[in-house]
Amino acid sequence: MLSFMNRSRAVQLSNKRWSVVVARNISVSPAAPKVVESSINSKNYRFSYETAKNKFVESSNVSTPENKFDFSEYTTKDKPTNVVSEEEAKLIPSIIALHARLGLPESYQYSTLVKALTCPTSKHDVIASNQQLSILGAHILSFYVTEYLIANYPRLPLSVLRAATDAFIGNYSLYDVAKNTWGISEDSSSKLERYLSNEPEIFKFGTLRYTRKVTEPETDIVKYAPDHSVFELSKSEAFANSVRSIVGGLHIHAGEETTKQFVHDHILSRQVDISSFFSFKEPGKLLTRLLRTNNMQPPTIRLISETGRFSSTPVYVVGCFSGENLLATSEGNSLREARIKSFGKALKAWYLYKPLDAKLPSDESFEGMFVDQGEKFF
């Protein structure tokens, strides 16, 4: 019997022995770059998505309101806040619609939602932006997603666990949530366009505002922006920070239980194919070691059915057995292909083991959980 906290320790110890599984940096968003990592051990694994630039502010430079949860009233001495008040925020149609669309409780202030959509543009905007909220929301998302994966898939190797976490709360995944699910829009209009349209100045706070990162300037154009370069964000990172900020604000205004249910409804409810993160180099040898350590007979392949052996497209169906126990079945255009696929399916069936009634550490009824002996055959 091992405790939940010891699981992360055991996973760290087994990280050096993983050489047969290659985790791909895959996101559920189609905009994610498909980059295949060549080495697992060269990566520094972290379960925290603290992507915002954490700029510390001296307490002597901050004017703190009586209600510390009233984020619109925080100011700095060198520059006042530029976030609207609660009364003004209730007049913005897009903020009212987003508040209702997400089903946020009444305790969630509209001014906090405005703050969540305001990214920092200079060093004076640390208090008046979503920088601190996004850091808080990033750690909250990391905790709930990580405990969900570890409790429901206790045998996942660290590399696959990290890839699955990124598929849920990575920049491209949260961009997909903010843009396509929640309907958050960005402010792409210029000041001249807003002036010509006679739009009230307050309405600009109803959209996501950030400094866009320019990676490829126009021809014969030299970019001079040394002071603002650290605050430039890509589109995916800006949208992801807005989601993290909304989650952070929900935790402050509504508490832990409401935030946990919100994360499960909007983030963990998304479909992620964890089995696609596995890629075995020598599945036969790995399966043989696994069966040996569990006092089971070595794997044997038996032909179950076939069709079109002498045609151009034959199909073979084979089964991977351990004694009389059927571990997995697979098909292929050749016996060798079917055999390798059956080894991989048998391994995935082992690593993707899921308890029937998994309890999370944040649940009130949680009393510890059982973790198997781990990957001792490496």
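Just so it is clear, the values below take in all heavy atoms, side chains as well, and ignore hydrogens, waters and symmetry mates.
With sequence neighbours excluded, the residues satisfying salt bridge (charged side-chain N to carboxylate O under 4.0 Å, His left out) with K285 are E282. H251 meets the ring-ring contact (aromatic ring centres under 6.0 Å, His included) test with no other residue; sequence neighbours excluded. K341 meets the side chain to side chain contact (heavy atoms under 4.5 Å, CB included) test with S330, E337; sequence neighbours excluded. For K179, there are no salt bridge (charged side-chain N to carboxylate O under 4.0 Å, His left out) partners at least two apart in sequence or on another chain. Scored by the salt bridge (charged side-chain N to carboxylate O under 4.0 Å, His left out) test, E331 finds no partners at all (sequence neighbours excluded). Taking K90 as the reference, nothing meets the side-chain hydrogen bond (donor to acceptor under 3.5 Å, both in side chains) condition, with sequence neighbours excluded. When the side chain to side chain contact (heavy atoms under 4.5 Å, CB included) test is applied to A254, the partners found at least two apart in sequence or on another chain are P105, S107, L250, T258. Considering only residues two or more places apart in sequence or on other chains, E256 meets the salt bridge (charged side-chain N to carboxylate O under 4.0 Å, His left out) condition with none of them.
Scanning all heavy atoms of the two residues, the minimum distance from I246 to W182 falls at CD1-CZ3, 3.8 Å. The two atoms that bring S362 and F143 nearest to each other are CB-CE2, 4.3 Å, heavy atoms only. The minimum heavy-atom distance linking N130 with P120 is given by the pair OD1-CD, 3.6 Å. Closest approach of C320 to P299, counting heavy atoms only: SG-CB, 4.0 Å.
Under a 4.5 Å side-chain heavy-atom cut-off, the cluster of Ile, Leu, Val, Met, Phe, Trp and Tyr residues that includes F310 has no other member. Applying the under-4.5 Å side-chain rule to Ile, Leu, Val, Met, Phe, Trp and Tyr, the cluster around L326 extends to F321. In this structure, I304 shares a hydrophobic cluster with V317, the cluster being traced through Ile, Leu, Val, Met, Phe, Trp and Tyr side chains under 4.5 angstrom apart.
Contact check for L141 versus R244: side-chain heavy atoms found under the 4.5 Å cut-off. For the pair D166/S173, no side-chain contact is recorded, criterion being any heavy-atom separation below 4.5 Å from C-beta on. Residues R270 and V177 have side chains in contact (heavy-atom distance under 4.5 Å, counting atoms from C-beta outward). In this structure the side chain of L117 never reaches within 4.5 angstrom of the side chain of D187, judged on heavy atoms.
For residues 84-107, the ring pair (Phe, Tyr, Trp, His ring centres under 6.0 Å) pairs, not counting sequence neighbours, are H99-Y110.
M296 is connected to L287 through a chain of hydrophobic side-chain contacts under 4.5 Å among Ile, Leu, Val, Met, Phe, Trp and Tyr, so both are in one cluster.
Not one N or O on the side chain of S342 forms a donor-acceptor pair closer than 3.5 Å with the backbone of G319.
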